[in-house]
Amino acid sequence: MTSPSDAQLIEAWRGGDEAAAAELVRRHAESVARYLSAAGARDDVEDLVQETFFRAFRKISGFRGGASFRTWVIAIGANALKDSYRRSKRRPMVSLETDDIADERPDAHAEVVGRDLELRLGACVTRLPPMQRDVFLLRAQQEMEYEDIAVALGTTVGAARVHFHHALKRLKEWLE
Amino acid sequence: MTLNDNELEVAARRLGTRAAARLDIERTSGAVLARLRATRATPWWAAPGLLQVAAMVVLALGIGVFYRGTTTGHLAALGSPVQLDPLSVDELEEVLDSLVIETPLSPDAPVGLADLDESQLTELLRRMEG
């Protein structure tokens, strides 16, 4: 038996099926958490993921299916993060995940170099203008199509490509 | 250090993976459903935002009623001397006799209204206004 599609689960949730909503959280919570963390959420990632899905299910009637459910939820997460900044009046900060840098394995050196780049990239991503940051993360981190990104962020495919190009250029300048 | 797009995208794909790994998905899912249930159980008119608005409207109305009452009472008090105009001297004396004046205006205060000078009448009216 194949598992139900996101569209089927959304329809079931619209009919009041809580199990369908729980399944949608299971499928997409990690992606939302990765986006939120990379976009500058700190210790409050779990609370923000919760807030994101709560908002999404509350306004599920606004989901028209133009973008994928995951892209749509991440766009809601971006707004939840913005509201969180506004409430706490703090600037976005990169979460420095340094817990496993001191690794003793033979390939540890390459991994440390990779982690170093990842940490610096994380810090630079939060310095990007919000639209460039979101397009970059949705494209590079979440591997989404430009069409999906454009619908979710309320822009055009062409503009999304330009934002991505500018983000990449800036990040390379900052990192080199 | 020269970076190519591919290296950057590989690093980007790894961003936030540790935060995601720390996420307790079942707990998150349970918390979301609990909040949704709580929202559904609350009638639309009892939503916190609406209750706040209702409380503010009631408060504004209360302040309005209180202010209006105070102003009307004050105007009524101001109007009392005017109501004395149609009274004759005898009637005014009768009114004065009915008033309990605890402190005389002066040790040799006259009892008849006709004996009062302008300043004493003003003082008397002021006392009547309260």
Side-chain angles (χ1 to χ4, degrees), chain A residues 13 16 18-19 21-39 41-43 45-47 49-58 94-95 97-100 114-122 124-125 136-137 139-143 167-168 171-173 175-176, chain B residues 1-70:
Chain A
W13 163 245
E18 288 192 352
E23 178 58 23
L24 284 166
V25 175
R26 271 181 222 112
R27 282 186 190 182
H28 302 293
E30 272 194 27
S31 293
V32 175
R34 284 175 57 222
Y35 162 79
L36 289 168
S37 174
R42 286 186 287 184
D43 303 331
V45 171
E46 190 162 322
D47 288 344
V49 172
Q50 192 195 113
E51 176 65 22
T52 301
F53 279 98
F54 174 70
R55 289 185 187 188
F57 290 134
R58 288 257 291 162
V94 66
S95 50
E97 299 174 327
T98 53
D99 49 342
D100 57 359
R115 282 289 290 142
D116 175 59
L117 173 62
E118 190 186 322
L119 286 172
R120 291 191 300 122
L121 174 64
C124 291
V125 164
F136 176 78
L137 288 175
R139 179 71 186 158
Q141 183 201 44
Q142 304 281 334
E143 300 177 83
L168 212 56
L171 289 171
K172 280 159 93 174
E173 282 169 7
L175 288 166
E176 282 172 3
Chain B
M1 179 185 176
T2 306
L3 277 170
N4 62 42
D5 292 0
N6 188 49
E7 283 175 310
L8 208 56
E9 289 182 32
V10 168
R13 275 197 289 278
R14 292 179 56 174
L15 288 177
T17 47
R18 282 156 191 82
R22 283 196 295 270
L23 183 72
D24 185 332
I25 292 178
E26 289 308 316
R27 187 171 60 200
T28 303
S29 162
V32 171
L33 291 176
R35 282 182 69 185
L36 289 167
R37 267 181 231 125
T39 311
R40 281 179 168 183
T42 311
W44 65 268
W45 49 265
L50 281 175
L51 284 179
Q52 281 175 358
V53 170
M56 285 174 73
V57 168
V58 168
L59 190 65
L61 285 174
I63 289 170
V65 166
F66 175 78
Y67 180 75
R68 194 173 169 180
T70 309

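Excluded from the calculations below are hydrogen atoms, water molecules and symmetry mates; all remaining heavy atoms, backbone and side chain alike, are included. Everything numeric in this text was worked out from a predicted model, so none of it was measured. Within every chain, numbering begins at 1; the chains are lettered A, B, ... in the order of the sequence lines, protein sequences first and strands thereafter.
Counting heavy atoms from C-beta outward, B:Leu15 and A:Arg34 have side chains that stay 4.5 Å or more apart. Counting heavy atoms from C-beta outward, A:Val32 and B:Leu23 have side chains that stay 4.5 Å or more apart. Counting heavy atoms from C-beta on, the side chains of A:Trp13 and B:Leu36 come closer than 4.5 Å.
Each of A:Val45, A:Thr52, A:Val49, A:Val125 has some count of heavy-atom pairs under 4.5 Å with chain B, and the biggest count is that of A:Val49. Top candidate by heavy-atom pairs under 4.5 Å with chain B, chosen from A:Glu23, A:Gln142, A:Glu30, A:Arg139, is A:Glu30. Counting heavy-atom pairs under 4.5 Å between each of A:Ala29, A:Ala140, A:Ala33 and chain B puts A:Ala140 at the top.
With a 4.5 angstrom heavy-atom cutoff, A:Leu137 touches chain B only via side-chain atoms. Neither the backbone nor the side chain of A:Tyr35 comes within less than 4.5 Å of any heavy atom in chain B.
Side chain of B:Arg22 to backbone of A:Glu46: no donor-acceptor contact under 3.5 angstrom is found.
Expressed to the nearest 0.5 Å, how far CG of A:Leu121 lies from CD of B:Glu7 amounts to 11.5 Å. Distance check, rounded to the nearest 0.5 Å: CD of A:Glu18 to OG of B:Ser29 gives 9.5 Å.
Residues A:Glu118 and B:Ala11 approach most closely at CG-O, 4.0 Å, considering heavy atoms. Here the shortest heavy-atom pairing between B:Val32 and A:Phe57 reads CG1-CD1, 3.8 Å. When all heavy atoms of B:Leu33 and A:Ala21 are compared, the closest pair comes out as CD2-CB, 3.9 Å. Here the shortest heavy-atom pairing between A:Lys172 and B:Asp5 reads NZ-OD1, 2.5 Å.
Under a cut-off of 6.0 angstrom, the local environment of CZ in A:Arg58 is sparse, with at most 12 non-hydrogen atoms contributed by other residues, nucleotides or ligands.
Checked for salt-bridge contact, B:Arg35 and A:Glu51 meet the test: a charged N lies under 4.0 Å from a carboxylate O.
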